[in-house]
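First listed ligand is number 1; within each ligand, the first listed atom is number 1. Quick note: numbers below take in every heavy atom, side chains included, and nothing from hydrogens, waters or symmetry partners. In what follows, residues are counted from 1 in the order of the sequence shown.
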Amino acid sequence: MINIVIFGPPGAGKGTQSIRLKEKFGLVHISTGDVFRALDPESDLAKLAKSYSDKGNLVPDDITINILESEVAKHPNEDGVIYDGFPRTEAQAEALDKFLKTKGTSITIALALEVKEDELRERLKNRAIDSGRPDDADPAIIQNRIDVYKQQTAPVADYYKAQNKYIGVNGIGSIEDIFERLCDAVQAHA
Ligand code: ADP
């Protein structure tokens with residue numbers, strides 16, 4: 001069983017690479033961002049989540065942890081999971097460890113995609129053309145997401161470093177080259 005956390009700032013390529021890693025290693029891919037976007041838009045939960053995500057802020061931990069746990073529960077016989085966009089706070093990282101422990105498993109590695117800030121801004125601006133996501137369309141919201149990442153999510157790196165599970169991977173280059181780097185990291189560790 002391989003459980004991967006894919007970690008990195010918005011626009012680092014987590015979703016793109018997760019889809020490839022999922023295929024290669026036979027994993028379930030859980031993206032909390034995708035789960036929020038897939039909620040029935042008329043539901044109270046979707047409206048609440050959107051009130052945070054549209055501004056580029058994090059959805060509160062209790063809601064996010066609940067939604068993550070119910071998503072994992074939908075895949076009882078999985079060979080492993082790739083967690084994309086979760087955990088984004090230290091409280092989420094601790095909750096994930098606790099939750100996996102109850103299932104007799106744990107995180108194998110945290111793969112961190114490293115991309116410079118000006119490149120992130122450029123990528124998110126370009127993504128807005130196709131994604132239709134309100135949080136991609138506005139430079140002020142993009143900047144807020146990067147700032148929220150630095151303040152609330154970047155410290156999660158230390159959480160995995162302390163467990164010797166953190167691997168930084170250069171996130172600049174072709175999708176294929178970056179994928180190869182990630183696969184090498186998984187194979188060296190798993
Ligand atoms: P990106 O990585 O491009 O910022 P995501 O699709 O992962 O985009 O997330 C979109 C939004 O969904 C986030 O800005 C946030 O509001 C919300 N979200 C996703 N995952 C989490 C999480 N683990 N904790 C809190 N909020 C989250």
Nearest neighbour of atom 7 (O) of ligand 1 from the list Arg123, Arg127, Arg88, on a heavy-atom basis: Arg88
For atom 16 (O) of ligand 1, which candidate among Val156, Asn57, Leu58 provides the closest heavy atom?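 Ranked by closest heavy atom to atom 16 (O) of ligand 1, first place is Asn57.
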Answer side chain, backbone, both or neither: which part of Lys50 comes under 4.0 Å from ligand 1, heavy atoms only. neither
With heavy atoms only and a cut-off of under 4.0 Å, state how Val59 meets ligand 1: side chain, backbone, both or neither. both
Tell me whether the rings of Tyr166 and Phe7 are parallel (<30°), tilted (30 to 60°) or perpendicular (>60°).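 Taking Phe7 first and then Tyr166, their aromatic rings stand perpendicular (interplane angle over 60°).
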Decide salt bridge (charged side-chain N to carboxylate O under 4.0 Å, His left out) for Arg20 and Glu23; before the verdict, give the C-alpha distance in whole Å, the side-chain angles of both, and the deciding distance to 0.1 Å. CA-CA 5 Å; Arg20 288 168 173 76; Glu23 293 297 324; over 6 Å; no
Can you report which non-hydrogen protein atom sits closest to [atom], along with the distance?
atom: atom 20 (N) of ligand 1; result: Thr32 OG1, 2.8 Å
atom: atom 27 (C) of ligand 1; result: Phe36 CE1, 3.8 Å
atom: atom 11 (C) of ligand 1; result: Ser53 CB, 3.8 Å
atom: atom 24 (N) of ligand 1; result: Gln92 NE2, 2.9 Å
atom: atom 8 (O) of ligand 1; result: Arg133 NH2, 3.0 Å

Sole candidate of Leu182, Ile6, Asp34, Leu111 that passes side chain to side chain contact (heavy atoms under 4.5 Å, CB included) when paired with Ser18: Ile6
Just checking, any donor-acceptor pair under 3.5 angstrom between side chains of Asp61 and Thr89? yes
Does some side-chain heavy atom of Gln187 sit less than 4.5 Å from a side-chain heavy atom of Lys24? yes
Decide whether an N or O pair under 3.5 Å exists between Ser31 and ligand 1.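 Min N/O separation from ligand 1 is not below 3.5 Å for Ser31.
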Hey, does Phe86 come in under 3.5 Å of ligand 1, counting only N/O atoms on both sides?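 No.
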Single-linkage hydrophobic cluster Val148~Ile142, side-chain heavy atoms < 4.5 angstrom: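 No, Val148 and Ile142 fall in different hydrophobic clusters.
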Check whether any side-chain N or O of [X] sits under 3.5 Å from a backbone N or O of [Y] as a donor-acceptor pair, and report yes or no.
X: Thr108; Y: Ile2; result: no
X: Thr32; Y: Gly85; result: yes
X: Arg123; Y: Gly11; result: yes

Say whether Lys55 and ligand 1 are in contact under the criterion: heavy-atom distance to a ligand atom below 4.0 Å.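 Flag not set, Lys55 not near ligand 1.
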Give the atom numbers and elements of ligand 1 that come within less than 4.0 Å of a heavy atom of [X].
X: Gly33; result: 5 (P), 6 (O), 9 (O), 19 (C), 20 (N)
X: Lys14; result: 2 (O)
X: Arg145; result: 1 (P), 3 (O), 4 (O)

Tell me whether the count of non-hydrogen atoms from other residues, nucleotides or ligands lying under 6.0 Å of NZ in Lys165 goes above 12.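 Atom NZ in Lys165 is crowded, with more than 12 foreign heavy atoms closer than 6.0 Å.
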